[in-house]
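Beneath this line is the structure, given in structure tokens, with notes to follow.
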Amino acid sequence: MGSEGTSVTTIHVTGFKQFHGVSENPTETIVRNLKGYMQKKGLPKGLVLGSCNVLEVAGEGALAPLYNILESAAAGRDGESSNAGRVILIHFGVNSGSTTFAIENQAINEATFRCPDELGWKPQRVPIIPSDGDISRTRETSLPVNEITKALAKMGYLVIPSDDAGRFVCNYVYYHSLQFAEQHGIKSLFVHVPLFLTINKETQMQFAASLLEVLASLP
């Protein structure tokens, strides 16, 4: 199978469990079903679907499992084969007020939680990584957000690029992931999805599969 010239893209995916105000988190369903869905559909050429994990909707208290995922993704790049190619982390989160998918371009170094997370933490105007600067510091993904958005829109999805991932757990996870990705030579992307009431489960599963396809086809 692996001819030397073929560069492989390995993608690791996370979603979130349900939390107050969201009794069914679509990202938990997407991530739990993605492997089976992609097996039926067939993986795009040159794509390896790595780990699929569901995270607690929590900031500080849930960092250990997040870093386990990040570290094993980076280790996969260093290990297995030297031509392992690209490693991409995709984090799915829900935006219950949204009617579209949103590809997040950046995270900001600020945790201001509108309500306590699932472990009861409610930071206000706190730097996510204090050693990384103050709360106005931003980090951007190294992936081409506009190109990815256009490719998905062409496939018929309601999708927009976004520069605001909020200040809650989604932004918190994305900021940690972007800093880690930069330090370890891998890539990170956060994608907000609406509720299944707004865009149904089948369409959201198709969207996740199409996103993998677009990422695998990037030069």
Can the positive tip of Arg114 be found less than 6.0 Å from the middle of the six-membered ring of Phe168, inside 45° of the ring normal? yes
Between Leu119 and Phe113, is there shared hydrophobic-cluster membership here, with clusters defined by ILVMFWY side-chain heavy atoms closer than 4.5 Å? no
Correct closest heavy-atom pair for Lys187 and Ser142 would be NZ-OG, 3.3 Å
Could you please spell out the steps behind the side chain to side chain contact (heavy atoms under 4.5 Å, CB included) verdict for Leu63 and Leu66? CA-CA 5 Å; Leu63 278 179; Leu66 173 65; 4.2 Å; yes
Mind listing the closest non-hydrogen atom pair of Val193 and Pro26 along with its distance? CG2-CG, 4.0 Å
Between Pro194 and Ser98, the two heavy atoms sitting closest are CB-O, 3.2 Å
Quick one: are the ring centres of Tyr172 and His176 less than 6.0 Å apart? yes
In terms of heavy-atom contacts, Leu152 and Phe207 come closest through CD1-CE1, 3.8 Å
Is there a path of hydrophobic side-chain contacts, each under 4.5 Å between heavy atoms of I/L/V/M/F/W/Y residues, joining Leu43 to Ile30? yes
Test side chain to side chain contact (heavy atoms under 4.5 Å, CB included) on Tyr157 and Thr100; report intermediate values, then the result. CA-CA 8 Å; Tyr157 298 105; Thr100 64; over 6 Å; no
So, do Ile108 and Arg167 sit near enough that their side-chain heavy atoms are less than 4.5 Å apart? yes
With heavy-atom distances below 4.5 Å as the criterion, would you say the side chains of His91 and Ser188 are in contact? yes
Verdict with supporting geometry, Ser162 and Glu104, side chain to side chain donor-acceptor pair (under 3.5 Å): CA-CA 5 Å; Ser162 164; Glu104 299 293 348; 2.7 Å; yes
Between His12 and Thr10, which heavy-atom pair has the shortest distance, and what is it? NE2-CG2, 3.7 Å
Ile69 CD1 to Asn53 CG distance, which is reported to the nearest 0.5 Å: 4.0 Å
Determine, using the 4.5 Å side-chain heavy-atom cutoff (strictly less than), whether Ile128 and Tyr67 are members of one ILVMFWY cluster. yes
When you measure from the side chain of Arg139 to the backbone of Tyr174, do you find a donor-acceptor pair of N or O atoms at a distance under 3.5 Å? no
Any donor-acceptor pair under 3.5 Å linking the side chain of Asn105 with the backbone of Val145? no
Gap between atom OG1 of Thr9 and atom CZ of Arg86 - 0.5 Å precision: 4.0 Å
To the nearest 0.5 Å, what is the distance between OG (Ser177) and CG (Leu89)? 4.5 Å
Give a yes or no answer on whether the side chain of Asn109 reaches the backbone of Ile129 with a donor-acceptor pair at less than 3.5 Å. yes
Are Leu211 and Phe92 close enough that some pair of their side-chain heavy atoms sits under 4.5 Å apart? yes
Judged by atom type as modelled, is there a donor-acceptor pair below 3.5 Å linking the side chain of Asp117 to the main-chain atoms of Gly59? yes
Report the distance from atom OG1 of Thr99 to atom CG of Leu195, rounding to the nearest 0.5 Å. 11.0 Å
Would you say Val126 ends up clustered with Val169 if hydrophobic residues are merged whenever their side chains have heavy atoms under 4.5 Å apart, either directly or through other cluster members? no
Once rounded to the nearest 0.5 Å, what's the spacing between atom NZ of Lys201 and atom CD of Glu24? 8.0 Å
Which side-chain hydrogen bond (donor to acceptor under 3.5 Å, both in side chains) pairs, counting each pair once, include a residue from residues 30-40, with sequence neighbours left out? Glu28-Arg32, Tyr37-Glu202
Does the Gln204 side chain pair with the main chain of Ile199, one donor and one acceptor, at a distance under 3.5 Å? yes
Sub-4.5 Å side-chain heavy-atom contact between Asp132 and Tyr175: yes
Taking C-beta and beyond as the side chain, do His192 and Cys170 meet within less than 4.5 Å on heavy atoms? yes
Evaluate the side chain to side chain donor-acceptor pair (under 3.5 Å) criterion for residues Asn200 and Thr203: first the C-alpha distance (whole Å), next the side-chain angles of each, then the deciding distance (0.1 Å), finally the verdict. CA-CA 6 Å; Asn200 67 35; Thr203 305; 2.8 Å; yes
Measure the acute angle between the ring planes of Phe180 and His184, then classify it against the limits of 30° and 60° as parallel, tilted or perpendicular. parallel
Can you check whether Asn68's main-chain N or O pairs, donor with acceptor, with Ser72's side chain at less than 3.5 Å? yes
Is Ile90 close to Leu215 at the side-chain level, that is, under 4.5 Å between some pair of heavy atoms? yes
The test is side chain to side chain contact (heavy atoms under 4.5 Å, CB included); show your working for Val31 and Thr14 and say whether it passes. CA-CA 6 Å; Val31 172; Thr14 71; 5.8 Å; no
Taking all atoms of both residues into account, what is the closest heavy-atom pair of Glu60 and Trp121, and its distance? N-CZ3, 3.3 Å
If we ignore hydrogens and angles and just use 3.5 Å, is the side chain of Gln106 paired with the main-chain N or O of Asp163 as donor and acceptor? yes
Using a 4.5 Å cut-off on heavy atoms from C-beta on, say whether the side chain of Ile11 contacts that of Val48. no
Are Glu213 and Met155 side-chain neighbours, meaning at least one heavy-atom pair lies under 4.5 Å? yes
Is there a path of hydrophobic side-chain contacts, each under 4.5 Å between heavy atoms of I/L/V/M/F/W/Y residues, joining Met205 to Leu158? no
Matching residue for Ile148 among Val214, Thr141, Val159 - test: side-chain contact (heavy atoms from CB on, under 4.5 Å): Val214
Nearest-0.5 Å distance that lies between atom CD1 in Ile160 and atom CG in Asn146: 11.5 Å
